[in-house]
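In what follows, a structure is listed as C-alpha cells, so that the remarks can point back to it.
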Amino acid sequence: MSGSGGDAVLSRQVLSAWAKSDRDSDGWLSLVRHSEDTVEVAGFLWDDWLPPATRRTLSGSMSAEQGRALAQFLAGVHDVGKLSPAFAMQVDALCGPMRDAGLDFPALSVRRGVVPHAAVSFLAVQTYLTDIGASQDVAQSYACVVGGHHGVAPARAVVGMSAVSQYERHHGTGTWARARAELIDHVVDRIEAREALATVWAFTPLTVEQQILWTGFVIMADWIASNTDLFPLSGEGSVEGRGDAGWEKLDLPAPWQADPPANLADLLRQRFGLPTDAVPNAMQSAVVEAATAMTEPGLIVVEATMGSGKTEAALAAAEHLATKFGLGGVMIALPTMATSNAMFARVRTWLTHQAAESTLSLRLAHGKAHLNNDFRALGSRSGIAHVEVDGREAAQDDCRAEVIAHQWFQGRKRSMLSSFVVGTIDQLLFAGLKAKHVVLRHLALANKVVIVDEVHAADDYMRTYLLQVLEWLGAYRVPVIMLSATLPGEQRSQLVKAYERGRGIGSSDGVEISGDIGYPVVTTVSTQRTVTPVASGIGSRVSIERIGDEFDELVHLLQEALTEGGCVAVVRNTVRRAQECARVLRSEFGDDVVLLHSRFVAKHRADLERHLVDRLGRGGDRPERLIVVATQVIEQSLDVDFDLLVTDLAPIDLLFQRVGRLHRHQRERPPALRKPRIVLTGVIDWAAAPPDIGAGHANVYGAALLLRAAAVLEGRTSLALPTDIPVLVQSAYAPEFPKPEGWETEMTLADSAYGRRVSNQRERASTWTLRRPSFEPVLIDWLDANVVDADTPRGYARVRDSDEGIEVLITRRVGDEVYLLPQCGGERIEVFSEPSSAQARRILNSSVPLPRQMCSPGRPGERAVIDKTIEELEQKMYPGWEGSRWLAGELVVQLDENNRATVGDFELRYDDLEGLVVTKGG
C-alpha cells in the first residue's frame, strides 16, 4: 500500500482533518503530530541517550544508520492503530469530521475496549510489511513492537486470524486501511528509509530479545513525546524545531563514559577517598583482572569474607567492563532497604569522583526511597517537573562529576532507566515477573553492568526469579558481578549455568564449579569458565558454646558475661521470638535491652537503627552495657560491632553472616569478652540425636538446613576464619550429606520435607515467572496470563516469600480524628481531603511490613491469603489520599485509641518497645 496515487488523496484529507482537531477533552493528541514528535524523540534517544552496547544489540546485523532509522520508524508508526473506528468512536465530536472526510463508520455497534488500538497497530504494520514482500514471521517480529507499546505483548485472541475476521468492523477496512498505510508511508518518507525498508528490514527478522528491547524503546519515546510540557498540542514551528526544543527542555543526561585509571590502586584511592598508601588486596586485584581479561561480556562471581572490600572491587570492575563493552551505567541490587540505603551513600561518593564535567543520573529504587535523606538531597534537573527537596548537601571540594536525580526517571516504571540505580533485589527480580511494562526493565538492564550483592540471601523462591533474570541478562550480553561471603556450591553452579543458558554456551569445558573450589575465589564466565582461588588475609579464631532454649539459661549467661560490661547481640529467627525474648530480658536488665526487627514502622525503625550505629558503629559512643535483641535484620543491614554473639541455630551460611558482627572493629573490650565468642541457642535439647530444634525455627528455614548446620558444628569448640567458611558451607549444602550416627532417620525425613518445600516454592514462583520464549519467534502471547503490576503490593508478594510481607501504613483513630503514631510525630492527618506533600511524606514514615502468615501467596489455583488481606484493606483506604501522588493506592491499618486493630483472622497492636505485634484470632 506504499506510494501515492488517487486513493491516497482521501487518506490525506482524513489525516488533515484529524490533525486540525485541537480537542483534548479525553487526552487526544493529533495523530500526525504525535507521529512526527515520536520520530524526533526516537532520533534523540538513539543519538544522545542509548549507550553504544544497546545500539549494537538493537541494530543486530544492520548498520548503525539503519538501526537509527528503524528506531524512528517503529516509534513513528506505533499509534497508527488509532486510525480505526473502535478508537475514533470514543470521542463523538471527531466522528463527524472524519465521516465528512470519507471514513465510514460501521452501522453495527462497536464496543469500546474489545480491540485495543495497539492491536490494530500490530495488524497495520504486519499487513504493510507483508505487502512489500516480508514473510509472516519477519512482519510479525516488527509488528509485535508496536503492538506491545502499552506494556503487554499482543495476544492471539485479538491479533489472530479468527479475531481479525470477527472484529474487522472494529479495525476498519477499505479507506481505514488505506489511511493507516499512508501514515506508515509518511513516516517512511519522513525518515528517508524506503531503501532500508525494502532491502533490509523486509528480510531481517528481529530476535525475541530485540523485540523486547525495541518495545521498551518505543514506550519510552512515546511517553516523552506524549508529555505536553515538552510537546504542546497546539505548538507552532517546524517539526524539527519542536523536537529540538522538547529534547532540550527534557535534558536527559548522556550515557556514562567510564574512564578508569589503569592502576587499580589509583582507582581505589581516587574513587573512594582511601589513604595515599592504600593498596588493593589480592581478591580486589583478581576481580579487576577478571574484568579486564574478558573479550566478551560475562559473569563474575566473587566469594570473599565480610568486610574484605568486595563492593569496591565490583565497582572498579564495573568501570572497566563499561569502558570495554560500551555500557552506560550500573545497577546494584541488595537484599533489603537498609542495605540499599547504606550502599546508596557509597555509590554516590564513587560517582562524584568520576570524570570532570560529566552529569550522572542516580536513583534509589525501593518502596521507601522518597524517605531517604541522601537521595532527596540530590539535585534534580529537568524543565518539566519539580520535586520538593528539604535540603541539599554541600558538594565535596574534590567533587568532579555532578550527580543528580533526574525527574523524568521518577516513578516505579521509569526509575530503572536512570544510568545508575541502587535498589533492593526485588527491582532486579521484577525483570523476571510477568508484569506490565516489564520490557522497560529489560531495556534498563541491557544498558548497564549489573551487580548483585549478598546473592546468597535469595531463598529458593526468589532464586527461581533470579535464575530467569540471569538467563535474560546472558542473552542480552549484560556483564554481571555477584558478591557473597557464604555461597553454597550448588547455588554457585545454578547461577553460572543460568547465565550460560542465556549466552547459548554449553558447560562441557570441564571446569568444575560446585562444591569447595577455594576461598576467597573468583569464578568467571565469558567464552568459557575460569576459577581463580585467591590468597586469604589474616585469620582469626572464634570459640563456640551451646546453651538450651530456656530463658533462665540465657539470663544466667548474660549475667556472667556482663559483670564488667559489654555489648551483646541476641539474634532470634522470628519476630515473635525476639519480642518474647526482649520482654523477658527487660525484666532483668531494664533499659539496657533494645529490640530491633522488621516490624517497627519505618521512622521508628530508622531511629532505632541510627541510635545503634551511633553507639555500636566504628568510633561510636559505646555504652558500658547493652543487649540488642534482633532478628535477621542485623545480619547484613547495619555496621555494628558486638563483644559477644548469642544466636539461634541457623543455616551455616547465615551463621557466618551473623558472626561478621562479632569483634567487627578494632577496639578495647571488657576483659571477659576480649576473645571472640559465639553462643548457640534456640535448640531444646542439644544432647538428643539429632538435636531437638523445635518447629518454629524449622518453619523459617526448614529442619534440614538447621540439622545440617548442627551436624557440621558437632563437636566443634571453635571456628577458624576465614578457613572454615568454605569447608563448612560446602559440606552443609552437599547433595550427599554424611549423616551422623543416630541422626539418619530424622535427617532423611527432614531432607525429604525440605525437597518438597523447595519444589513448592519453585512451583509457586514459576506461575508468575517470565521465561524466554522457546519455540515462537515472536512475542505473541508472551505475557499470556497472571500479569500483575510490579512495584505494587501484589508485585512484591510475587517475587518474595519471606517473613516480610506487603507493606501497610499504620494510623491511629481517636474519636473522629486520625493521627500518626507517636513514634512518627503523632500529628493529626488528613484522610478525607488530600494531605500536603510534606505531610504525605511524613505519613509514609509510618509504613511497616505485615507478617508472613497474613501475606502468603498460596499454592497455584488456591485463593491466596495475601489477596484476602489486600481486598479487606482496600475497602478501608482513605478517599482523600487517592489524589495524592505520594499516597494513592497505599494500604492502611487503622488502630483504635488503644493501638489495636483486627484484619481478617488476625489481631494487631502497636507497642513502643515491641513494634507491631500480630496474633492469630480465636
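- Within the model, atoms CD of Gln66 and OG1 of Thr199 stand 6.5 Å from one another, a figure rounded to the nearest 0.5 Å.
- Between Val77 and Ser121 the shortest side-chain heavy-atom distance does not fall below 4.5 Å.
- Using a 4.5 Å cut-off on side-chain heavy atoms (C-beta onward), Phe231 and Glu40 make no contact.
- The aromatic ring centres of His150 and His437 sit 6.0 Å or more apart.
- For Val778 against Gln211, the heavy-atom pair with the smallest separation is CA-OE1, 3.5 Å.
- Closest of all the heavy-atom pairs between Val41 and Ala225 is CG2-CB, 4.1 Å.
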Next item on the list: Give the C-alpha distance, both sets of side-chain angles, the deciding distance and a yes or no for side-chain contact (heavy atoms from CB on, under 4.5 Å) between His442 and Trp472.
Entry: CA-CA 8 Å; His442 285 233; Trp472 282 107; 3.5 Å; yes
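- At a cut-off of 3.5 Å, with distance as the only test, no side-chain donor of Arg190 or Gln72 sits close to an acceptor on the other residue.
- Judged purely by atom type and a 3.5 angstrom limit, Thr204 has no side-chain atom pairing as donor or acceptor with the backbone of Trp201.
- Scanning all heavy atoms of the two residues, the minimum distance from Val159 to Leu123 falls at O-CD2, 3.8 Å.
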Next item on the list: Please step through side-chain contact (heavy atoms from CB on, under 4.5 Å) for the pair Asp47 and Arg68, ending with a clear verdict.
Entry: CA-CA 8 Å; Asp47 294 335; Arg68 185 184 190 278; 2.8 Å; yes
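- Residue Lys249 holds its NZ atom at 14.5 Å from CG of Asp244, rounded to the nearest 0.5 Å.
- Looking at every heavy atom in both residues, Thr38 comes nearest to Gly76 through OG1-CA, 3.6 Å.
- A donor-acceptor contact shorter than 3.5 Å links the side chain of Lys448 to the backbone of Met416.
- Remark: Leu770 CG to Tyr465 OH distance equals 10.0 Å, nearest 0.5 Å.
- Residues Asn447 and Thr54 bring a donor and an acceptor atom of their side chains to less than 3.5 Å of each other.
- The distance from atom CD of Gln257 to atom CG of Leu360, rounded to the nearest 0.5 Å, is 10.5 Å.
- Here the NZ-CG distance, from Lys82 to Leu183, works out to 11.5 Å after rounding to the nearest 0.5 Å.
- Looking at every heavy atom in both residues, Pro297 comes nearest to Pro479 through CB-CG, 3.9 Å.
- Ring pair Trp46/Phe217 is perpendicular by interplanar angle, where above 60° counts as perpendicular and below 30° as parallel.
- Ion pairing of Arg477 with Glu209 is absent here, as no side-chain N (NZ or NE/NH1/NH2) approaches a carboxylate O to less than 4.0 Å.
- A donor and an acceptor atom, one from each side chain of Trp350 and Glu319, are located under 3.5 Å apart.
- The closest side-chain donor-acceptor pair between Asp137 and Ser135, if any, does not fall under 3.5 angstrom.
- With 3.5 Å as the limit, one finds a donor-acceptor pair spanning the side chains of Gln354 and Trp256.
- Asp222 and His78 are linked by a side-chain donor-acceptor pair at a separation below 3.5 angstrom, with hydrogens and angles left out of the test.
- Pairing each heavy atom of Leu783 with each of Gly151, the nearest pair is CD1-O, 4.0 Å.
- Look at Glu296 and Arg503 and you find a salt bridge, because one of the NZ, NE, NH1 or NH2 atoms lies within 4.0 Å of a carboxylate O, short of that distance.
- Defined by atom type and a distance below 3.5 Å, a donor-acceptor pair is present between the side-chain atoms of Ser361 and Ser418.
- Between Arg441 atom CZ and Ser415 atom OG the span is 6.0 Å, to the nearest 0.5 Å.
- Ser59 and Arg56 form no side-chain donor-acceptor contact under 3.5 Å, judged by distance and modelled atom types alone.
- Exactly one of Val478, Val421, Leu299 qualifies for a side chain to side chain contact (heavy atoms under 4.5 Å, CB included) with Val450. That residue is Val478.
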